[in-house]
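The block underneath contains the structure these notes are about, expressed in structure tokens.
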Amino acid sequence: MSVVPRVSGRNEVYLLMVFLSLVAVLATFSDKFLTLENVFDILRNYSFLGILTLGELVVLISGGIDVSFMAVATVAQYVMGVAITIYPFAHITIAILLPMSIGAALGALNAVLIYYTRVHPVIITIATLNVFYGVLVFLTGGRWIYELPNSFFAFAQRMPIRLMSKAGVPYGLSVLTLIWVFVAALTWFILNYLPIGRKIYALGGNPEAARRAGVNIFMVMLFVYAYMGLLSGLAGFVQAQLTQLIQPNSMVGRELDVLAAVVLGGASVFGGSGSVTGAILGVLTVAIVRNGLILMKISSYWHDVVIGLILAAAAATTAYQSKKHTRRGVRIYVQ
Amino acid sequence: MFNRADRLPSRYAETIVLVTVLTLTVVLMSVLTRGRLLGIRSFEAMAFQMPLLGVLTLAQMLPMLTGGIDLSVISTANLTGILTALVLTRIDVWYATALGVAVGLTAALSVGAVNGLVVAFFEVSPIIGTLAMMILVKGVALAITRGYVIAGFPNQFLFIGGGSVLGIPTPFVLLTVTAIAMSVMLTRSPFGVSAYMFGSNPVATQFSGINTRMLLLRTYTISGLLSGLAGLIMISRFNAAQADYGASFLLLTVLVCVLGVVDPAGGVGRVVDVAVALAILQTVATGFNLMGLSSHLANALWGAILILVIIIRRSLSGAGFQRS
């Protein structure tokens with residue numbers, strides 16, 4: 001069926017058009033919006049949500065959903081914080097790899113529970129969200145960690161492209177943005193060029209057909225949720241870099257921001273469709289709307305109203321299109 | 001593993017599992033709190049605390065029976081609370097309480113109706129439609145209050161969340177009445193029966209001549225109305241309204257429903273089981289509170305209980321629980 005990719009491709013074109021017209025509107029309202037400084041700033045500040053969105057994209061494509069990722073990121077981040085405070089001379093790669101492996105392990109646990117119980121993933125991940133986060137806050141008392149080693153603080157300042165503003169403040173392309181770009185490229189490669197990627201689409205499109213075609217469903221689910229966990233751990237590291245401290249209560253509760261960005265990017269909650277381009281555009285749309293509203297000096301209390309309206313419009317458009325698409329020809333299901 | 005013939009009828013098996021878990025929880029918590037859990041004061045505390053989550057859970061249960069979900073229950077409750085609070089604090093007439101309640105519930109009803117329109121007529125998936133509505137409604141609530149708390153209501157209104165009827169706390173009476181009304185509606189009315197039907201097979205329901213769009217519209221409207229009732233109970237108990245109270249309750253409502261054998265795929269679930277599940281969670285919360293333990297640990301235990309119950313159910317009924 002060549003129609004399906006064409007339609008999902010068209011969704012991204014619509015989103016791109018919306019995105020570009022938003023950019024045009026914001027650029028005319030604020031002369032600060034299209035400056036390199038502001039663009040680099042947005043790309044840096046949204047790297048955390050961007051990475052999580054890519055993970056959730058993979059889960060949604062497989063027909064599942066994960067709401068425990070913020071709790072996973074919190075746990076992974078906290079363990080990393082404790083570890084690098086105890087061993088302050090550890091190399092920065094340890095501060096990156098440690099939370100990733102913890103995240104992957106917790107994600108794998110999600111996959112095992114979902115596969116074994118056959119209960120909808122939203123239920124299992126709500127349960128594990130409570131368990132992971134509850135145990136962490138109980139054990140740590142919710143204490144913040146401020147005293148991180150200098151090597152950790154220094155990492156956030158790295159910029160592969162460094163420029164000077166007129167006021168003499170350095171700015172540029174942050175290394176955190178590069179991590180996001182790298183994750184996007186990796187996810188795109190996995191989804192489009194590796195056998196596991198095609199199996200993820202197959203599982204989301206029709207699990208029974210995938211099973212009969214010989215796809216090992218457990219292995220695919222294990223990969224999907226462990227990958228989400230891996231990226232959650234990485235996102236936990238990135239978030240600690242952005243805020244320069246570790247606050248256990250700063251991430252949990254923002255799960256729906258990520259879900260909104262993925263859906264805005266055209267991924268279906270019923271599985272089988274979605275793309276990396278869409279996921280990036282989804283995050284960037286949310287990012288520029290919030291940024292633009294700030295630059296236009298509109299009270300932050302209105303931001304959620306605007307984001308909600310955009311999401312509602314996007315959902316209605318997608319639903320309308322798929323309805324039009326199914327009306328064009330009657331689908332006949334044959335056993 | 002049981003053989004098919006040895007298996008208890010699943011209708012009772014699940015209630016038995018739940019009641020057993022409740023009994024074990026009560027015994028365990030009574031021992032751990034050295035009997036204080038069974039004191040009159042802790043019963044009273046439970047009766048004041050439970051209704052908020054209880055009514056929200058009932059608001060969540062109805063869409064879940066049709067295979068949907070309502071992510072906007074908490075923000076609807078907060079919006080209702082804020083509008084009612086505005087009327088109560090700004091308008092000084094003798095019927096202010098009645099007016100406030102009416103304004104709040106009308107808003108809740110409207111939010112629910114819009115959810116219903118989006119899900120039934122625009123055919124947006126419930127997760128996305130109600131997610132957008134949740135963000136939108138929360139945004140409106142924030143824009144109205146600018147993050148401030150509206151506090152100080154007339155005594156007449158505080159009766160809803162803090163008063164007593166014949167010695168029984170008013171919110172508990174409200175919860176009981178709502179639960180019974182909902183149970184009767186689900187089992188005895190054409191609407192209830194077709195809601196279950198729609199949950200187990202939407203296409204067959206449509207082809208049996210039921211107006212499924214009106215069905216969904218009613219489902220989400222009632223869910224909105226119940227969220228509004230929860231909002232009234234909430235602000236009356238706290239004597240204050242705010243845009244982002246109780247955000248953690250959202251996932252809890254889904255958790256209580258699933259613990260109470262509501263199938264998120266739709267078509268299965270009874271009010272009785274949900275009530276037992278609610279009692280389990282409240283016992284754990286009150287017990288932990290009495291022991292001076294963190295509520296976060298209670299949250300973790302709730303999650304663990306949910307997973308445990310799901311695993312027990314699965315091994316009791318083989319592959320039978322999750323219909324494919």
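Everything numeric in this text was worked out from a predicted model, so none of it was measured. The basis for the numbers below is simple: all heavy atoms, side chains too, and nothing from hydrogens, waters or symmetry mates. Note on naming: letters A, B, ... go to the chains in the order of the sequence lines (proteins, then strands), and numbering restarts at 1 for each one.
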Identify which part of [X] has an atom lying under 4.5 Å from any heavy atom of chain B, answering side chain, backbone, both or neither.
| X | answer |
| --- | --- |
| Ile123(A) | both |
| Val263(A) | side chain |
| Ile310(A) | neither |
| Tyr133(A) | side chain |

Distance-only polar pair, side chains of Asn115(B) and Thr130(B), donor-acceptor under 3.5 Å | no
Decide whether Asn110(A) and Thr125(A) meet the rule of one side-chain donor and one side-chain acceptor closer than 3.5 Å.
-> no
Tyr196(B) atom OH, neighbour heavy-atom count above 12 within 6.0 Å = yes
OH (Tyr148(B)) with more than 12 external heavy atoms under 6.0 Å | no
For [X], is it the side chain, the backbone, both, or neither that has a heavy atom closer than 4.5 Å to a heavy atom of chain A?
| X | result |
| --- | --- |
| Met133(B) | neither |
| Leu250(B) | side chain |
| Leu259(B) | neither |

Of the listed Leu297(B), Val124(B), Leu306(B), the one with the largest count of heavy-atom pairs under 4.5 Å with chain A is Leu297(B)
Chain A contacts, top residue of Leu71(B), Leu255(B), Leu142(B), Leu301(B) (heavy-atom pairs, under 4.5 Å) = Leu142(B)
Here the gap from Met70(A) atom CE to Asp257(A) atom CG, rounded to the nearest 0.5 Å, amounts to 6.5 Å
Would you confirm whether Tyr78(A), through its side chain, and Ile145(A), through its main-chain N or O, come within 3.5 Å as a donor-acceptor pair?
-> no
Assess Arg118(A) against Tyr115(A): is NZ or CZ under 6.0 Å from the centre of the six-membered ring, and within 45 degrees of the ring's axis?
-> yes
